[in-house]
Amino acid sequence: KAGVTQTPRYLIKTRGQQVTLSCSPISGHRSVSWYQQTPGQGLQFLFEYFSETQRNKGNFPGRFSGRQFSNSRSEMNVSTLELGDSALYLCASSVSGLTGQPQHFGDGTRLSIL
Amino acid sequence: QKEVEQDPGPLSVPEGAIVSLNCTYSNSAFQYFMWYRQYSRKGPELLMYTYSSGNKEDGRFTAQVDKSSKYISLFIRDSQPSDSATYLCAMGSQGGSEKLVFGKGTKLTVNP
């Protein structure tokens, strides 16, 4: 069974640009969560989608947004990029995202802002 | 006070040693607990998952949860160089869609 797939693996952007990251969950998983990982803050929750609806959101500015498609694939978008957005962005999937279901992570997209 | 505290290490041990990794938390709503292992340039890999207080064993790994003390541990027996990685604790609360809260991770090196 294929794991969570994230594309691209690496991205370099400049300040002010926008970026879109993609995540394909494990087959049969309908919940997709996004996390930002930095050396200073560790892993921080961005948002979670289930059946194309955002069900939960972390404390990030509105520049961070996402969506989920009918096949459960998800994208996240960051607009007006800032230097502080440089991070590893991780996607995790679970069957339904309900309490107690373990989340499985992809290998992330490493975003560097110049 | 942060919701989850984890000693960042780094922790360096000889091969074969018993390793103890720990996290404390402040939110009583946390009901289930996970340990993830993250190798360099890879995503976190789920190692252990527990719901209640007590011990759970899987091979060389034992997860321990003490809800009364708000303290969780991961023990690695007979540690191997391949165990060298960053270990992250994560916690979730009851009731709805998932939002895990992570510790910052402990970097472990097992020396041959």
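Hydrogens, waters and symmetry mates play no part in the numbers below; they use all other heavy atoms, side chains included. In what follows, chains carry the letters A, B, and so on, assigned in the order in which the sequence lines appear, proteins first and then strands, with residues in each chain numbered from 1.
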Item to complete: Kindly work out whether a path of hydrophobic side-chain contacts (I/L/V/M/F/W/Y, heavy atoms less than 4.5 Å apart) joins Val4(A) to Leu111(A).
Response: no
Fill in: Pairwise side-chain contact, Val78(A) with Gln18(A), heavy-atom cut-off 4.5 Å (strictly under)
no
Discussion item. Report which part of Leu43(A) has an atom under 4.5 Å of a heavy atom belonging to chain B: side chain, backbone, both, or neither.
Written reply: both
Discussion item. Which atoms of Arg110(A) are under 4.5 Å from chain B, going by heavy atoms: the side chain, the backbone, both sets, or neither?
Written reply: neither
Item to complete: Considering only heavy atoms and a distance below 4.5 Å, find which of Met34(B), Lys42(B), Lys104(B) pairs most often with chain A.
Response: Lys42(B)
Worksheet entry | Check against side chain to side chain contact (heavy atoms under 4.5 Å, CB included), Tyr71(B) and Gln64(B) | CA-CA 8 Å; Tyr71(B) 187 87; Gln64(B) 196 171 75; 5.7 Å; no
Worksheet item: Does any heavy atom of chain A fall under 4.5 Å from the side chain of Gln38(B), the backbone, both, or neither of them?
Response: side chain
Item to complete: Measure the acute angle between the ring planes of Phe102(B) and Tyr36(B), then classify it against the limits of 30° and 60° as parallel, tilted or perpendicular.
Response: tilted
Worksheet item: Is it the backbone or the side chain of Gln37(A) that comes under 4.5 Å from a heavy atom of chain B, or both, or neither?
Response: side chain
Worksheet item: Within a strict 4.5 Å, meaning less than it, do heavy atoms of the Asn22(B) and Gln6(B) side chains meet?
Response: no
Worksheet item: Considering only heavy atoms, which portion of Tyr49(A) lies under 4.5 Å from any heavy atom of chain B: side chain, backbone, both, or neither?
Response: neither
